[in-house]
> 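Structure provided below as structure tokens; questions to follow.
Here is the naming used below: chain letters follow the sequence lines, and residue numbers restart at 1 for every chain. Any value given below was found using the heavy atoms of this structure, including those in side chains, with hydrogens, waters and symmetry copies removed.
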Amino acid sequence: MHDTRRRWMEFAIEAVIQVLGISTIGIVLLIFAFLLREGLPVFFQVPLTNFLDVRWYPTFGMFGVLPLLLGSAFVTFTAIAIALPLGVATAVFVREVAPNWAREILKPLIEVLAGIPSVVLGFFGMTFIAPRVREILGAPTGLTAFTGALVLAYMSLPTIISVAEDALDAVPKSYRDAGLAIGATQWQTIWRVVVPAARSGIVTAVMLGMGRAIGETMAVMMVTGNAARMPLTLDSFFRPVRTMTATIAAEMGEVAKGSVHYRALFAIGILLFVVTFFINLTAARAIFTKRRRGGLR
Amino acid sequence: MSRQQVQRIGFALLALAAVTVVLPILLVIGNIVVRGLAAINWEFLTTMPKNGMKAGGIFPALVGTLLLTLGTAVVCIPMGVGGAIYLSEYARDTWLTRAVRLAIVNLAGIPSIVYGLFGLGLFVLFLQFGTSILAGSLTLAIMTLPVIISTSEEALRAVPMEFRTVSFSLGGTRWQGIRNIVLPQALPGIITGIILGLLRAAGETAPILFTVAAFYLPRLPRSPFDQTMALPYHLYVISTQVPGMPKHIQYGTALVLLAVVLSMNIVATLIRSYFRRRRQW
């Protein structure tokens with residue numbers, strides 16, 4: 001009697017756990033469904049050519065997303081160009097070279113960086129970095145694409161460093177021993193054996209860092225100046241730019257629910273969702289290949 | 001140049017890169033602590049903002065952030081830990097499990113502002129919760145879910161397989177093994193993951209922009225269906241939307257937010273290192 005009750009309890013608990021696990025798929029679908037529900041109708045209200053235009057002036061019915069899309073891409077790629085060498089070098093230093101005491105200082109600090117809220121970094125960017133950028137450049141404003149990229153680079157660094165470090169960690173010790181045994185220096189072993197062996201993990205690290213950068217909202221909105229212009233010339237680095245995320249954040253509060261502008265902002269959300277989905281899909285491949293359980297190896 | 005010299009220069013450059021990464025972190029924290037400390041006193045923390053936020057304290061924003069974090073915890077802890085138990089203990093390697101993993105990876109990658117849009121669409125408008133603590137907590141909870149699932153799963157997986165087989169061999173059921181053996185062993189790791197997830201939720205602005213945050217509301221919320229101020233949004237507002245804002249209030253608010261988040265971070269780190277040292281396996 002007692003036993004059957006317990007068996008039922010366990011059955012119920014295990015069923016709930018299964019539902020919880022599988023519900024994550026439902027949540028992703030739900031998010032996509034709601035973005036589509038709110039955003040898709042705009043394509044029946046506004047001709048497609050309007051979206052593929054270079055002018056984003058919602059109050060005049062112009063919804064060209066190109067400057068926003070390029071703005072996001074511009075800031076993201078600049079950020080990654082800064083963060084990739086810094087991040088990989090730091091990961092190599094922490095995993096391969098640094099003495100223990102240095103590692104004990106570096107790793108918690110990098111974790112702290114990951115925890116600093118983006119609005120705080122944005123605030124720091126506005127009040128500390130932007131005035132210095134303006135001074136150095138003699139530009140009318142320090143709120144530029146470059147300022148944004150700099151802040152974004154540091155926001156994606158914790159992701160890049162920790163994933164790259166895991167990738168280096170997964171390279172067997174025998175690879176390093178073999179490199180040293182044939183007479184290579186540690187430096188040569190690192191760059192010709194260990195890093196190439198960890199390449200796919202490092203690519204994952206960069207992809208994830210990129211996903212983080214492209215989706216970042218508050219810091220970018222606070223430091224890039226938010227002018228919706230096409231970043232096509234070289235001087236665009238030092239002029240204001242506007243990203244997709246900042247556009248949603250800045251304008252959604254003021255639009256009427258259900259208006260064309262409201263739906264256009266959701267359409268940008270769809271675009272962001274799809275872009276980050278594919279970035280993560282690419283990054284995920286490498287994640288799926290390594291799974292292990294403690295104890296039995 | 002000999003190979004040894006190349007190596008020495010190379011290592012120095014790597015160290016330089018690490019310093020370049022770390023110094024700005026110290027600069028950010030140092031700058032905000034030094035300039036913010038002047039604003040911090042008991043009154044700043046416990047009184048309402050006055051005079052269009054240009055004077056007074058940040059009490060409602062602080063309370064709002066605590067309530068939102070609490071609301072997030074209530075929803076995402078059971079869901080996240082349950083999901084992690086499923087993945088670590090029950091799921092076999094089928095297409096369904098792979099789909100779940102893919103879903104989690106993607107949830108983790110969805111931009112926070114898109115969570116904000118989703119929360120607006122589903123909780124605020126479709127379910128008619130309005131801009132409310134409830135809608136904001138649910139939005140933040142869904143955003144935090146992947147963090148908690150993946151850190152908890154890692155903690156559960158780290159428990160050696162032998163622990164489970166021993167529990168089986170003593171006649172325990174699978175659930176008994178999980179509840180009495182595996183979960184307690186993995187608990188420190190799970191708690192660390194939960195804190196790390198919640199500190200992210202506490203510091204986020206984008207998901208609460210359209211789901212909870214009140215621009216200026218100098219009173220405390222009375223029900224889960226009320227709007228509230230919140231620290232991150234408050235910092236955004238007073239540093240970009242209010243002209244002529246006194247600097248010390250901006251820095252003070254930034255410092256309080258930073259302190260909330262960093263203290264959670266330190267607690268998580270301490271728990272992890274304490275139990276890692278004590279662990280027998």
Side-chain angles (χ1 to χ4, degrees), chain A residues 10 13-14 16-18 20-22 24-25 27-28 31 34-35 37-38 86 89-90 92-94 97 106 108-109 111-113 115-117 119-120 123-124 126 128 154 157 185-187 211 215 217-218 222 245 248-249 252-253 257 266 269 272-273 276-277 279-280 284 287 293-296, chain B residues 3 6-7 10-11 14-15 17-18 20-22 24-25 28 31 79 82-83 85-87 90-91 99-100 102-107 109-114 117-118 121-122 125 142 157-162 173 175 199 203 205-206 209-210 232 235-236 239-240 254 257-258 261-262 265 269:
Chain A
E10 285 198 5
I13 289 170
E14 294 186 350
V16 168
I17 284 173
Q18 291 222 336
L20 285 175
I22 293 164
T24 47
I25 302 175
I27 291 174
V28 174
I31 292 174
F34 263 88
L35 292 178
R37 184 186 124 105
E38 301 292 316
L86 265 184
T90 304
V92 168
F93 182 72
V94 169
V97 183
L106 289 172
L109 269 178
E111 230 169 87
V112 161
L113 176 60
I116 297 179
V119 68
V120 171
F123 175 69
F124 181 78
M126 275 177 66
F128 193 91
Y154 275 84
L157 271 172
T185 60
Q186 196 189 347
W187 175 254
T217 310
M218 299 313 291
M222 291 164 85
T245 50
I248 300 174
M252 185 53 97
K257 309 286 174 269
F266 265 95
L272 269 173
F273 182 94
T276 48
F277 182 87
I279 289 178
N280 284 295
I287 297 175
R293 200 177 275 271
L296 299 174
Chain B
R3 297 191 311 161
V6 170
Q7 165 154 321
F11 283 180
L14 292 181
T20 314
V21 170
V22 169
I25 306 172
V28 171
N31 178 263
M79 284 187 76
I85 294 176
Y86 169 75
L87 279 177
Y90 289 97
V100 170
L102 189 63
I104 292 167
V105 169
N106 276 296
L107 277 177
I110 293 177
S112 53
I113 189 72
V114 173
L117 288 179
F118 168 65
L122 176 60
L125 298 176
I142 288 179
R157 273 181 189 276
V159 177
M161 198 63 203
E162 292 87 330
T173 61
W175 172 247
L199 80 86
T205 315
L209 279 175
F210 335 118
L235 177 59
Y236 168 68
S239 53
T240 62
L257 178 57
L258 199 60
V261 167
L262 289 189
N265 205 325
T269 313

> Based on non-hydrogen pairs under 4.5 Å, which of A:Thr217, A:Val97, A:Ile31 is most in contact with chain B?
A:Ile31
> Given that the side chain runs from C-beta out, which part of A:Phe277 has a heavy atom under 4.5 Å from chain B: side chain, backbone, both or neither?
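For A:Phe277, heavy atoms of backbone and side chain both lie under 4.5 Å from chain B.
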> Under a 4.5 Å heavy-atom cut-off, does chain A meet the side chain of B:Pro24, its backbone, both or neither?
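Only the side chain of B:Pro24 comes within 4.5 Å of chain A.
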> If only side-chain N and O atoms count, and only distance matters, is there a donor-acceptor pair under 3.5 Å linking A:Glu14 with B:Tyr90?
yes
> Given heavy-atom pairs under 4.5 angstrom as the criterion, report whether the side chain, backbone, both or neither of A:Ile13 touches chain B.
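Contact with chain B is through the side chain of A:Ile13 alone.
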> Do you know which of A:Leu35, A:Ile248, A:Val16 has the most heavy-atom pairs with chain B at a distance under 4.5 angstrom?
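Among A:Leu35, A:Ile248, A:Val16, the one with the most close pairs to chain B is A:Ile248.
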> Identify which part of A:Val112 has an atom lying under 4.5 Å from any heavy atom of chain B, answering side chain, backbone, both or neither.
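A:Val112 touches chain B through backbone and side-chain heavy atoms alike.
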> Under a 4.5 Å heavy-atom cut-off, does chain A meet the side chain of B:Ile113, its backbone, both or neither?
both
> So which of A:Gln186, A:Glu38, A:Lys257 has the largest heavy-atom pair count under 4.5 angstrom toward chain B?
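The answer is A:Gln186.
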> Compare all side-chain heavy atoms of B:Thr205 with those of A:Pro117 and state whether any distance is below 4.5 angstrom.
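Of all side-chain heavy-atom pairs linking A:Pro117 with B:Thr205, none is under 4.5 Å.
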> Could you tell me which portion of B:Ile85 (side chain, backbone, both or neither) has an atom closer than 4.5 angstrom to a non-hydrogen atom of chain A?
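It is both, since atoms from each part get that close.
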> Where does A:Leu157 contact chain B at under 4.5 Å (heavy atoms): side chain, backbone, both or neither?
side chain
> Check whether B:Val261 gets within reach of chain A through its side chain, its backbone, both or neither, counting any heavy atom under 4.5 Å.
side chain
> If I measure from the heavy atoms of chain B, does A:Leu86 come under 4.5 Å with its side chain, its backbone, both, or neither?
both
> Decide yes or no for B:Trp175 and A:Ile17: does some side-chain heavy atom of the first lie under 4.5 Å from some side-chain heavy atom of the second?
yes
